Amino acid sequence: MAGRFPRLACTAAVAAQAVLAPVPAAAAPEPQRSVAQLLTDLQQLYRQTERASESYNATAEKLERQRAEVARLDGELVRARLDLRGSRTDAGRLARQQYQSSSGLGPYVRLLLARDPQHALDEGHVIGELARERTRTVARLTTAERRKDALARAARRALDTQLSLAVRQHRQRDEVRTRLAGVERLLAALTPGQLAAIARLEQQGATEAQQKLVTAGALPDDRPPSAEGGRAVDYAMDQLGKPYRWGAQGPSSYDCSGLTSVAWSHAGTPIPRTSQEQWRRLTRVPLRELRPGDLVIYFPEATHVAMYVGGGKVVQAPRPGEKVKVSLLASAPVLGAVRPDGAPRERGVVRPVAARREASPPRPGG
């Protein structure tokens, strides 16, 4: 996918950095349209693309789990069939034993006619035990039959679900490609002057939004990360300069949630794959309590995510055509923040990120 849009990769880097909002895909701009209108169109297209990308990622994750479930059920079905075969063998053996040992006389008659009643009683005990074993074997056979049938039905349903997810993933992949093509068309219609003006306007918007957070006291004081958070930040910062690519989880390229999920997995704390699941399932924290390693979630639909690194900045894989970089926390509309390693607690505090690495200043639009 990285090579399918060469124009996108070279021009989007100079174009707008970010606050995306959904609207219908725009056609090539007319000359009289304002820079603000062009920026709005770009933001809408980027946001639509990212929403489609996150839907694709969520389906890909479900498909992976479903394939594992199909494989598990297939394995259990094989074992159930083997158990059933063993139970049938036992049942056949007992049936033959019963037939061969049958004398046609009832147990009471055999007892009356026996020369040694005690021996007859002992023999009756053995026969009774064999009957009980036969009952247990029949019960195992019945249970094995039912288990095999249930597993066969579950395996069929799981396979049907896997096929449905594969169809959905294919459809979502096509939607992402369509959205990316719309971005490429719009960028191709812009002049270098328009691109530069868009970048300036977007940077101005991000700076103003950041200042509002500062004025409101919503940004945290510098505080140290947890041990896991420090490792996650180190990993994410080591990816600076690598390209954004939708659906990518490294090591050569990333999308937004691919970067955050892989970084935290590298730190020893696996988290959900998509930004929406990260927002839904991880512990939420106020912005003013952020510490490096926490994740900042953007847009009402939770379709973008970045990692806080301290000093009011985040590291992120922004969008198609961009590279992993450090940006202002307010480079897009903030929904909230989550902490992958749970509720606030000290677990082996390490040195602040700022002391370990000087964060590079954001490029235009960051």
Side-chain angles (χ1 to χ4, degrees), residues 1 50-100 128-179 246-250 255 257-258 260-262 264-265 268-283 301-303 305 338 340 342:
M1 192 60 205
E50 192 153 49
R51 187 164 57 241
S53 297
E54 287 297 281
S55 296
Y56 171 89
N57 290 338
T59 300
E61 188 177 34
K62 289 178 184 176
L63 183 56
E64 184 177 353
R65 290 197 300 268
Q66 193 62 33
R67 284 173 176 152
E69 177 67 4
V70 168
R72 184 188 68 80
L73 287 171
D74 285 345
E76 285 197 25
L77 185 56
V78 168
R79 289 190 292 275
R81 283 170 174 160
L82 290 174
D83 291 343
L84 180 59
R85 184 183 304 171
S87 296
R88 284 172 174 165
T89 300
D90 290 342
R93 176 177 54 77
L94 287 173
R96 287 191 300 273
Q97 288 175 350
Q98 182 182 19
Y99 174 78
Q100 292 166 358
E129 186 58 37
L130 287 174
R132 286 189 289 274
E133 182 183 352
R134 183 171 63 250
T135 301
R136 289 193 296 268
T137 299
V138 171
R140 284 201 307 272
L141 178 61
T142 304
T143 301
E145 288 274 10
R146 289 174 179 168
R147 181 168 180 267
K148 185 265 296 179
D149 291 342
L151 282 170
R153 289 192 298 271
R156 284 194 295 271
R157 288 195 301 270
L159 183 58
D160 289 342
T161 301
Q162 176 180 320
L163 294 174
S164 298
L165 286 171
V167 170
R168 185 195 307 175
Q169 184 188 41
H170 182 82
R171 186 172 62 248
Q172 290 169 336
R173 181 200 63 192
D174 291 343
E175 181 182 357
V176 174
R177 288 176 174 174
T178 299
R179 300 295 184 189
W246 67 270
Q249 300 181 74
D255 63 14
S257 56
T260 55
S261 60
V262 171
W264 270 99
S265 179
T269 304
I271 64 173
R273 167 65 176 92
T274 67
S275 57
Q276 291 169 331
E277 284 299 290
Q278 290 169 6
W279 174 244
R280 187 175 72 87
R281 293 167 54 187
L282 300 180
T283 302
E301 306 91 345
T303 50
V305 60
V338 293

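For reference, positions follow the sequence shown, starting with 1. Worth saying up front: this structure is predicted, and the values here are computed from it rather than measured.
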Gln249 side-chain N/O to Gly258 backbone N/O, donor-acceptor pair under 3.5 Å:
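Such a contact is absent between Gln249 side chain and Gly258 backbone.
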Atom of Ile271, atom of Thr260 and distance for their closest heavy-atom approach
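It is CD1-O, 3.8 Å.
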Does any donor atom in the side chain of Glu54 or Ser275 lie under 3.5 Å from an acceptor atom in the other side chain?
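Per modelled atom types, Glu54 and Ser275 side chains form a pair under 3.5 Å.
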Report the distance from atom CD of Gln276 to atom CZ of Arg281, rounding to the nearest 0.5 Å.
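Interatomic distance, Gln276 CD to Arg281 CZ, rounded to 0.5 Å: 13.0 Å.
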Under the side chain to side chain contact (heavy atoms under 4.5 Å, CB included) test, which residues partner Glu64, sequence neighbours left out?
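Applying side chain to side chain contact (heavy atoms under 4.5 Å, CB included) to Glu64 gives none.
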Report yes if some heavy atom in the side chain of Ser257 is under 4.5 Å from a heavy atom in the side chain of Asp255; otherwise report no.
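They are in side-chain contact.
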Name of the residue among Leu282, Thr283, Val305 meeting side chain to side chain contact (heavy atoms under 4.5 Å, CB included) with Val338
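Option passing the side chain to side chain contact (heavy atoms under 4.5 Å, CB included) with Val338: Leu282.
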